[in-house]
Amino acid sequence: MMIRELLAQRFRDAFAAAQAQGALPPGAPADEIIERPQKPEHGDFACTIAMKAARTLRLPPIKIAQAVVPLVDKGAEIQDMDIVPPGFINVRLSPAWLQGHVEAIRAEGERFGHVASGAGRRVQVEFVSVNPTGPIHVGHARGAVLGSALANIMAAAGYDVTREYYVNDAGTQMQLFYRSLYARYLQALGRQAEMPQDGYRGQYVVEFCQELAKEMGTRLADMPEEQGLAEIGRIGLERMLAAIRTDLEAVRVTFDVWFSERSLFADGTYEKSMELLKQGGYLVNRDGALWFESTRLGDDRDSVMVRRTGAPTYFASDAAYHYNKLCVRKFDRVVDIWGADHQGHVNRVKAVAEALGADPSKLTVIIGQMVALKRGGEAVRASKRTGELVTLRELVEEVGQDACRFFFLARSPEAQMEFDLDLAVKQSQDNPVYYLQYGHARIAGILRNAAERGLRHDDGDVALLTAPEELDLIRKLLSLPELVEAMAQRLEPHHLPHYALELATAFHLFYDRCRVISEDEALTKARLKLVDAARIGMAQCLRLMGMATPDRM
RNA sequence: GCGCUCGUAGCUCAACGGAUAGAGCGCAGCCCUGCGAAGGCUGAGGCUGUGGGUUCGAGUCCCACCGAGCGCACCA
């Protein structure tokens, strides 16, 4: 059990005991009674049970606190407790208990920070899922980084995680893309060909088709148009997906499953989900098109599923896809990460999930707000259609993968953010990314140094770690598992970069105040143990964020 | 016009309904003849967009307004 939960239990027991003795009137305590104070002088934890019960018990919070505190089992964990107006109970952990965790952390090693809150539950995180009609650009970077970090965190929380990319390989946009490729290919062969209306005019299409013309010669042009189009589409899709995969790997974003939209039509999932909607009476015919009545389930407008032409819309296959996620593969939890431009689809998808018989509360859609790219003071417009694109690849080359990940991760998804390219590069000598990694490298340096001197610290006595900076570092390390659990539960990875900075600060401060390798052999060994624990914690943070853990810089 | 999201230090951003709202960058100073100065310390800098409300307590919840972004297709 984690310390936080253990404390909550102790306070609930004491509260009940006080009631049993008649010291407090009956009434249930609140659910959330333990929190982390902002100020260190307020202790390691604060219990708010007294203030939260004041109303129902009709007693001043101070009186309640005074009745509860004497009955709390302090065990080996609690050093002391203070009652502070208006009714906080501040808890200080015992140094011995803190010190013991240095050993615990070292014993856990790479598993330190992992918790079991998600054990036995399967979660799917679907993210990026960009149409394979062009390279990944910076607008997608945020969701990519966010999704991969969230998946890492969920895995650390014990979930069985599937990282998934939904490949829209079936829609009208793809047809348009294929026709654009075909036209550019013919042009590359020197033939007359017109780009389709609203076609993909990016330079990458031109370049790709020139290569293709070189490779294939006129072979694809000599086929009947329909066949050539299909063939060039097949090749284009394959190459585009490969490029997307490579670009994503450059920011350490990988997937377990690349799920094909077309497969939903091939394996009958689409038919099945449409049939279910029909049986539920959610489908109506209007003007020759088939509509899903999402307004019956709280949406603000109905949605077309099958066009008058007979072609299913994107939404129809998305309905089938979510049927697959929730009812076929039966994930316990499904997280979709979308861009702000898909905001209006959230209620629609939730409605259709419900109509398909799934529990919509299992589905969470995280909307990542737009990223405004700036270069100097100038806004950079990124758009595939106009061909003015700033690719993810360019961004990574400019600011580096670690900086890229850190900056995207440090902001909560719903906050619109600005990313100034010049600033990110200019800051690179003095930016938080280096602060963290320098901390890790510094730790590695000390351990290297100790090893070179033949110092072994397995028999170090952690009871010697009594300096405030030492205990603060241990405290900070200890809160990582708690943070992982909270982030997984709330689906909020953005706390991790902030925690990592605090951990680095605690280490740097310790380093500054407490000489590790000294003439005092016993203290040296004890401190080396702490440094080792700090290495484990720091590395875990960086790994969860998908950042490098350099031993030297 | 309607819907969703967001307005917090000069800039970029944090803050389970809790205590004197915190970091980083930038700015002004100080600290290496001992393990990595890519570090540490000190200081200046805020009516949390505005106005109401809910309660022991509001940056956080509710209402109105102002401002920004994104939606409101038989595109995805």
Side-chain angles (χ1 to χ4, degrees), chain A residues 31-32 34-39 41-42 46 48 51-52 54-55 60-61 84-88 90 129-131 133 168 171-174 176 198 286-291 300-301 303-315 317-318 339-347 367-370 372 407 410-420 423-424 426-439 441-450 453 486 489-490 492 494-495 497-498 501-502 504-505 507-509 511-518 524 527-528 531 552-553:
Chain A
D31 289 336
E32 293 289 324
I34 300 292
E35 53 190 60
R36 286 279 191 178
Q38 293 186 31
K39 304 230 165 236
E41 56 268 33
H42 291 140
T48 53
M51 290 183 291
K52 285 179 173 158
R55 199 166 316 156
V84 182
F88 288 103
N90 291 336
S129 300
V130 178
N131 275 2
T133 55
N168 292 112
T172 53
Q173 285 302 316
M174 285 315 288
L176 188 59
D198 297 324
R286 254 178 244 160
D287 308 324
L290 197 58
W291 292 72
D300 52 6
R301 68 178 195 88
S303 318
V304 173
M305 299 210 98
V306 181
R307 300 181 182 89
R308 212 163 10 193
T309 61
T313 60
Y314 150 87
F315 176 62
S317 47
D318 220 23
D341 52 342
H342 288 65
Q343 180 70 252
H345 295 268
V346 176
N347 286 340
I367 297 294
Q369 291 297 322
M370 292 293 162
F407 282 116
R411 281 118 182 89
S412 70
E414 64 267 20
Q416 295 157 220
M417 62 172 286
E418 286 199 354
F419 201 116
D420 190 323
L423 199 64
K426 198 163 68 183
Q427 280 186 345
S428 65
Q429 275 317 298
D430 218 350
N431 93 28
V433 176
Y434 294 87
Y435 186 79
L436 295 184
Q437 295 185 324
Y438 179 69
R442 207 177 207 188
I443 290 169
I446 296 170
L447 293 173
R448 202 160 48 228
N449 196 329
R453 298 183 194 201
Q489 202 246 322
R490 291 155 60 186
E492 291 179 354
H494 71 274
H495 300 289
H498 293 97
L501 287 173
E502 289 170 11
T505 299
F507 174 75
H508 286 309
L509 193 57
Y511 173 87
D512 196 59
R513 302 293 162 77
C514 303
R515 166 110 199 146
V516 178
I517 299 172
S518 68
T524 296
R527 286 182 170 167
L528 282 171
V531 171
R552 297 174 200 270
M553 289 173 68

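Any value given below was found using the heavy atoms of this structure, including those in side chains, with hydrogens, waters and symmetry copies removed. From a predicted model like this one, the values you see are computed outputs, not experimental measurements. To find a chain, count down the sequence lines: A is the first, B the second, and so on, and within it residues start at 1.
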Novice: With sequence neighbours excluded, tell me which residues meet ring-ring contact (aromatic ring centres under 6.0 Å, His included) with A:Tyr511.
Specialist: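 For A:Tyr511 there are no ring-ring contact (aromatic ring centres under 6.0 Å, His included) partners, ignoring immediate neighbours.
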Novice: Taking the side chain of A:Glu418 as its heavy atoms from C-beta onward, which of B:C13, B:G40, B:A19 lies nearest to it?
Specialist: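 Among the listed nucleotides, the one closest to the side chain of A:Glu418 is B:C13.
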Novice: Quick one: salt bridge (Lys or Arg N to Asp or Glu O under 4.0 Å) partners of A:Arg55, sequence neighbours excluded?
Specialist: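 Salt bridge (Lys or Arg N to Asp or Glu O under 4.0 Å) check on A:Arg55 returns nothing, list empty.
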Novice: With a 3.5 Å limit on both atom pairs, tell me what B:G67 is paired to, counting Watson-Crick and G-U wobble, or say none.
Specialist: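 Pairing partner, where one exists within any strand: B:C6.
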Novice: State whether A:Ser412 places a side-chain N or O below 4.0 Å from either non-bridging phosphate oxygen (OP1 or OP2) of B:A14.
Specialist: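 It does, given that an N or O in the side chain of A:Ser412 lies less than 4.0 Å from OP1 or OP2 of B:A14.
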Novice: Ignoring backbone atoms, test whether A:His498 places a side-chain nitrogen or oxygen under 4.0 Å from the OP1 or OP2 oxygen of B:G24.
Specialist: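 So the side-chain polar atoms of A:His498 never come under 4.0 Å of the phosphate oxygens OP1 or OP2 of B:G24.
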Novice: Rounding to an integer number of angstrom, what distance separates B:A21 and B:A44 when you compare their P atoms?
Specialist: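 Roughly 14 Å separates the two P atoms.
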Novice: Take atom CD of A:Glu502 and atom P of B:C13, then tell me their distance rounded to the nearest Å.
Specialist: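 Spelled out: CD on A:Glu502 to P on B:C13 is 19 Å.
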Novice: Using the salt bridge (Lys or Arg N to Asp or Glu O under 4.0 Å) criterion, which residues pair with A:Arg36? Sequence neighbours excluded.
Specialist: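 Salt bridge (Lys or Arg N to Asp or Glu O under 4.0 Å) check on A:Arg36 returns A:Glu482.
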Novice: Mind checking who B:A21 pairs with, Watson-Crick or G-U wobble, both distances under 3.5 Å?
Specialist: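 Across any shown strand, B:A21 pairs with none.
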Novice: Looking at residues at least two apart in the chain, or sitting in another chain, which of them share a salt bridge (Lys or Arg N to Asp or Glu O under 4.0 Å) with A:Arg527?
Specialist: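 Per chain and number, A:Arg527 pairs via salt bridge (Lys or Arg N to Asp or Glu O under 4.0 Å) with A:Glu470.
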Novice: For B:G46, what is the paired nucleotide under Watson-Crick or G-U wobble rules, both distances under 3.5 Å?
Specialist: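 Check on B:G46: unpaired, no WC or wobble geometry under 3.5 Å.
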Novice: Write down the protein N/O and nucleotide N/O pairs, taken from nucleotides 2-5 of chain B, whose separation is under 3.5 Å; answer none if there are no such pairs.
Specialist:
from	atom 1	to	atom 2	distance (Å)
B:C4	O2'	A:Gln343	OE1	2.8
B:C4	O2'	A:Gln343	NE2	2.8
B:U5	O2'	A:Gln369	NE2	3.4
B:U5	O2'	A:Glu414	O	2.7

Novice: Just how far, in rounded Å, is C1' of B:A15 from CD of A:Glu492?
Specialist: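 After rounding, the reported distance stands at 11 Å.
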Novice: Return the polar atom pairs (N/O with N/O) between nucleotides 30-35 of chain B and the protein under 3.5 Å, or none.
Specialist:
from	atom 1	to	atom 2	distance (Å)
B:G34	O2'	A:Arg515	NH1	2.5
B:G34	O2'	A:Arg515	NH2	2.7
B:C35	O4'	A:Arg515	NH2	3.1
B:C35	O2'	A:Asn449	ND2	2.8
B:C35	O2	A:Ile517	N	2.9
B:C35	N3	A:Val516	N	2.9
B:C35	N4	A:Tyr511	O	2.8
B:C35	N4	A:Cys514	O	3.3

Novice: Of all residues at least two apart in sequence or in a different chain, which pass the side-chain hydrogen bond (donor to acceptor under 3.5 Å, both in side chains) check with A:Thr313?
Specialist: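 Not a single residue meets the side-chain hydrogen bond (donor to acceptor under 3.5 Å, both in side chains) criterion with A:Thr313.
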Novice: Could you tell me the Watson-Crick or G-U partner of B:C41, where both distances fall under 3.5 Å? Say none if there is no partner.
Specialist: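 Its partner is B:G29.
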Novice: Applying ring-ring contact (aromatic ring centres under 6.0 Å, His included), name anything that partners A:Tyr435, two or more places apart in sequence or on another chain.
Specialist: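 Testing A:Tyr435 for ring-ring contact (aromatic ring centres under 6.0 Å, His included), a comparison that skips the adjacent residues, returns A:His508.
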Novice: Should B:A73 form a Watson-Crick or G-U wobble pair with both distances under 3.5 Å, which nucleotide is its partner?
Specialist: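 In the structure as shown, B:A73 has no Watson-Crick or wobble partner.
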Novice: Between B:A37 and A:Tyr434, is there an OP1 or OP2 to side-chain N/O distance shorter than 4.0 Å?
Specialist: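 For B:A37, OP1/OP2 do not have a side-chain N/O of A:Tyr434 under 4.0 Å.
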Novice: The criterion is side-chain hydrogen bond (donor to acceptor under 3.5 Å, both in side chains); which residues satisfy it with A:Arg552, sequence neighbours excluded?
Specialist: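 For A:Arg552 there are no side-chain hydrogen bond (donor to acceptor under 3.5 Å, both in side chains) partners, ignoring immediate neighbours.
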Novice: Taking only nitrogen or oxygen atoms into account, show me every contact under 3.5 Å that the protein makes with nucleotides 53-62 of chain B, one pair per line with its distance.
Specialist:
from	atom 1	to	atom 2	distance (Å)
B:C56	OP1	A:Arg55	NE	3.3

Novice: A:Gln369: what forms a side-chain hydrogen bond (donor to acceptor under 3.5 Å, both in side chains) with it, not counting sequence neighbours?
Specialist: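 With neighbours one apart ignored, the set is empty.
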Novice: In chain order, what residues pass the salt bridge (Lys or Arg N to Asp or Glu O under 4.0 Å) check against A:Arg490, with sequence neighbours excluded?
Specialist: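 For A:Arg490, the residues satisfying salt bridge (Lys or Arg N to Asp or Glu O under 4.0 Å) (neighbours in sequence not counted) are A:Glu492.
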